[in-house]
Amino acid sequence: MVSDFFEYAFLQHALIAGLIIGLVSPLVGIFLVVRRLSLIAEALSHITLSGVAAGLLLQKNFALFAGISPLYAGMSFAVLGSVFVEQIRQFYRSYQELAIPILLSGGIAVGVVLIGLGNGFGVDISGLLFGNILAINKQDLWLIGVVAVLVICFILFLFKELFALAFDEEHAVLSGIRGKWIHLLFMIMVAMVISVAIRVVGILLVSALMTLPVATSMQLSLSFRKTAMFSILFAEFSILAGLIFAYWLDIASGGAIVLVSIALLVIVISGKRIYSMVQYRKANVRGES
Amino acid sequence: MGNVLLQMEDVSYSYHHQIVLENVTLSVEEGQFLGIVGPNGSGKSTLLKIALGVLQPKKGKVWLFGSPMKDQKQNYNIGYVSQKSNSFQRDFPATVQEVVAAGLASKKGILRRYMKKDYLLVDEVLEQVGIQDLRKRNIGQLSGGQQQRVFIARALISKPKLLILDEPTVGIDRDSTKQFYDLLNYLHKQHGLTLIMVTHDIGVVSSLVDQVACLNKKLYFHGTRSLFVEKEKELLSKAYNHDVQVIDHHH
Ligand SMILES: Nc1ncnc2c1ncn2[C@@H]1O[C@H](COP(=O)(O)OP(=O)(O)OP(=O)(O)O)[C@@H](O)[C@H]1O
Ligand SMILES: [Mg+2]
């Protein structure tokens with residue numbers, strides 16, 4: 001298997017893409033989770049689907065678009081969708097999640113209609129839905145790299161503002177932080193991460209990659225910084241292990257990655273249970289003697 | 001007479017059609033401790049939000065630190081502890097240190113990271129509020145009183161000239177409340193901090209603060225504590241028995 005890796009460029013592409021996605025997904029995901037907006041990722045991924053479908057339609061009908069990856073159209077749709085999410089969030093201050101079902105169903109509906117118009121395009125729909133990391137080419141890799149650099153810079157430079165806003169938006173805005181702008185930019189970053197991450201895990205599973213590793217590391221009750229670092233660690237592990245399983249057993253990479261993430265969550269939760277049970281026993285024994 | 005930090009003149013405010021503040025004129029001088037009392041729904045929190053610049057008065061003028069409200073760009077000269085400051089998610093992954101440091105975020109400015117000296121500042125304010133040993137603990141694992149101290153520390157870390165507290169002792173036990181008031185008294189007396197505090201605790205008003213405002217849509221009283229104590233019965237019955245009426249104003 002190791003020799004395969006050095007021999008085939010597509011395996012190297014897959015690994016590099018996977019590791020980059022494993023870094024940026026939980027990095028934006030942690031802010032979504034603590035702001036209770038996890039499902040936004042889900043909604044935006046559905047919008048990306050309709051964008052990709054639109055891109056495919058353009059590709060099929062206009063020579064001009066023939067060489068352009070439909071991923072760009074997907075990304076444009078996701079970014080527009082993210083701006084829309086922020087607008088709706090402003091309208092319904094205390095029911096912020098209302099934006100989600102609107103976009104979720106809207107995105108799927110448009111996507112289905114466009115795919116229907118293109119008679120299915122004869123493209124790899126299941127690759128779109130579940131990810132096909134082994135099909136990543138150089139062009140995709142560049143796009144993923146550029147997005148990653150943008151997102152990492154954004155999060156690192158605005159980390160303290162993002163944290164202050166996530167913990168207590170009212171107080172942060174009061175103290176002079178430009179919450180509206182930062183949230184808008186953040187949503188755009190989320191949209192970009194999603195539109196590249198779907199190459200790896202697919203539209204249906206992309207939000208899992210953003211939230212599951214975060215959910216797992218939140219179980220450890222660490223500081224915010226450490227929670228972020230452990231989320232990245234869990235995500236990278238899931239991706240590596242998932243890719244190995246996928247290649248080995250010849251199964252879809254997205255499914256394998258998400259299953260490993262879930263396994264990690266279960267292990268951490270049961271580990272915590274067992275640990276506290278042991279502590280409790282110890283305390284009792286000490287109490288009796 | 002000291003500097004006037006906050007000045008409101010003829011301020012009125014309404015949500016939709018409901019008038020909640022009517023012609024309130026009030027000033028707070030540097031070094032004063034103002035207690036605001038009044039029944040539920042009497043507009044106390046609204047008044048504070050106007051002082052903070054979150055809400056714009058529908059009528060009247062507000063000056064802060066000597067200049068009109070509109071000209072205030074940055075608010076880190078005011079520390080604020082809101083009425084529901086401990087309503088965050090209980091398992092939010094953050095330590096006391098991180099939460100308190102967040103109070104510095106705006107003052108430091110964009111693109112700047114926290115440095116060693118910022119964390120020393122965190123230690124300093126945690127010591128001031130008496131919880132330096134909780135620095136590394138997760139915020140969700142603290143008791144209500146301890147959390148309240150964290151939020152005071154977050155408000156204090158930017159070295160504000162004015163500290164605004166909206167019912168800071170709700171849900172806190174008697175001993176912690178007493179310690180908390182001792183802390184406010186210390187900040188007021190030793191550091192000369194100017195404070196505005198909304199409270200339902202009339203006992204505290206008549207012992208801790210030096211100025212009292214009694215509010216129920218209109219300002220029923222604004223004066224020194226001793227004057228308030230003298231007329232307390234009469235004032236309170238007037239302010240509290242006057243039902244909070246819903247008055248429509250037609251456009
Ligand atoms: N965001 C809002 N939208 C509409 N009406 C509001 C809003 N906030 C407050 N009000 C109304 O304004 C009035 C004054 O509210 P405010 O919160 O200022 O009272 P308060 O004196 O702080 O009361 P409490 O002692 O219960 O905290 C109340 O009648 C309330 O219903
Ligand atoms: Mg109030």
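Quick note on labels: first sequence line is chain A, next is B, and so on, each numbered from 1.
Contacts between Arg112(B) and chain A at a heavy-atom distance below 4.5 Å involve backbone atoms as well as side-chain atoms. Looking at Gln141(B), the atoms closer than 4.5 Å to chain A (heavy atoms on both sides) all sit in the side chain, from C-beta outward. With a threshold of 4.5 angstrom between heavy atoms, Val96(B) does not approach chain A through any atom at all.
Within 6.0 Å of NZ on Lys180(A) lie no more than 12 heavy atoms contributed by other residues, nucleotides or ligands. Within a 6.0 Å sphere centred on CZ of Phe159(A), heavy atoms belonging to other residues, nucleotides or ligands number more than 12. Phe157(A) CZ: 12 or fewer foreign heavy atoms inside a 6.0 Å radius.
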Would you list the atom pairs, donor with acceptor, under 3.5 Å between side chains in residues 47-54 of chain B and any protein atom, with sequence neighbours excluded?
none

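In terms of non-hydrogen atom pairs under 4.5 Å with chain A, the most contact-rich of Pro93(B), Ala155(B), Ala102(B), Ala101(B) is Pro93(B).
Looking at Leu104(B) and Lys160(A), their side chains never come closer than 4.5 Å, going by heavy atoms from C-beta outward.
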Going through the checks in order, is the side chain to side chain contact (heavy atoms under 4.5 Å, CB included) test met by Glu170(A) and Tyr80(B)? CA-CA 10 Å; Glu170(A) 186 192 26; Tyr80(B) 174 53; 4.3 Å; yes
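Nearest heavy-atom pair, Ala164(A) versus Ala105(B), reported as atom, atom and distance to 0.1 Å: CB-CB, 4.4 Å.
We find the CD1-CD1 distance between Ile177(A) and Ile110(B) to be 8.5 Å, quoted to the nearest 0.5 Å. We find the OH-CZ distance between Tyr114(B) and Phe163(A) to be 7.5 Å, quoted to the nearest 0.5 Å. Separation of atoms CG (Asp168(A)) and OG (Ser82(B)) is listed at 6.5 Å; rounding is to 0.5 Å.
Taking the ring pair (Phe, Tyr, Trp, His ring centres under 6.0 Å) definition, one finds that His188(B) meets it with Phe33(B), sequence neighbours left out. Checked against ring pair (Phe, Tyr, Trp, His ring centres under 6.0 Å), His200(B) has no partners two or more places apart in sequence or in another chain.
Interface with chain B: from residues 218-236 of chain A, residues Met218(A), Ser221(A), Leu222(A), Ser223(A), Phe224(A), Arg225(A), Thr227(A) qualify, criterion being any non-hydrogen pair under 4.5 Å.
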